[in-house]
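Quick note on labels: first sequence line is chain A, next is B, and so on, each numbered from 1.
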Amino acid sequence: SQTIHQWPATLVQPVGSPLSLECTVEGTSNPNLYWYRQAAGRGLQLLFYSVGIGQISSEVPQNLSASRPQDRQFILSSKKLLLSDSGFYLCAWIHFRGRAGNEQFFGPGTRLTVL
Amino acid sequence: GIQVEQSPPDLILQEGANSTLRCNFSDSVNNLQWFHQNPWGQLINLFYIPSGTKQNGRLSATTVATERYSLLYISSSQTTDSGVYFCAVYLGNSGAGSYQLTFGKGTKLSVIP
């Protein structure tokens, strides 16, 4: 079965420091991968998605970047964090099931606090 | 873009009560999913239901695609049902490679003993 991992689970960083969040997927190959951010107040905002190694699409221009160095690894980064980067970051992948329909699954998330 | 509206935004239930959560969407959709976000933040898949009715234990969901709404039923609620329930839809026009879900703002459910 497929499993999605995120590291770290929680993170407290000062303003201006760099960031690296990692997402890895097990049990599937060449997955579509996604980064979402959930700020206080619940809504999920799609940040980036990737359909393959080295292929990144950005949905929202901002202080963050993403990379996909390996098939099942997706990295979210920043060179200098802002206060507004605080939030809950979720990684997700798509299970393509043909006629049975495509279903999105989420990792456990990383809670980032920028002070 | 497509609009996804969930109601009610907040709901407080006594343990054992039943409830209905609603999701309205502004355009025809190919896929629809319901998620439960527990108090620890984990998003748990409840249903993949672009049309029709499905049941899983005390939960069931119905999507009437022609009328652009979906309902999530929770029966005999328990305190562990607390959290935020999200509806998310996929139009099918954002390219085969991206498959982008659009989320509603959620219904926050609190079940009190």
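In this structure, A:L76 is a member of the same hydrophobic cluster as A:L11, with clusters built from ILVMFWY side-chain heavy atoms closer than 4.5 Å. Residues B:Y90 and B:L43 share a single hydrophobic cluster, defined by chaining ILVMFWY side chains whose heavy atoms lie under 4.5 Å apart. Side-chain heavy atoms closer than 4.5 Å link hydrophobic residues (I, L, V, M, F, W, Y) into clusters, and following such links, possibly through other members, connects B:L11 to B:W34. When hydrophobic clusters are built by joining Ile, Leu, Val, Met, Phe, Trp and Tyr residues whose side-chain heavy atoms come closer than 4.5 Å, directly or via intermediates, A:L83 is grouped together with A:Y89.
Residues that satisfy the side chain to side chain donor-acceptor pair (under 3.5 Å) test with A:H95, not counting sequence neighbours, are absent from this structure.
Distance check: A:Q45 CD to B:F103 CZ gives 12.5 Å after rounding to the nearest 0.5 Å. Rounded to the nearest 0.5 angstrom, A:I94 CD1 and B:L101 CG are separated by 5.5 Å. Interatomic distance, CZ of A:F106 versus CD1 of B:I44, reported as 12.5 Å (0.5 Å rounding).
Looking at A:F105, the atoms closer than 4.5 Å to chain B (heavy atoms on both sides) sit in the backbone and in the side chain alike.
In plain terms, the two heavy atoms of A:L44 and B:F86 that are nearest each other are CD1-CZ, 3.8 Å. Taking all atoms of both residues into account, the shortest heavy-atom contact from A:F88 to B:Q37 is CE2-NE2, 3.8 Å.
In the displayed structure, B:K54 atom NZ is contacted under 6.0 Å by more than 12 heavy atoms of other residues, nucleotides or ligands.
Side-chain atoms of B:Q33 never come within 3.5 Å of backbone atoms of A:E103 as a donor-acceptor pair (strictly under, hydrogens ignored).
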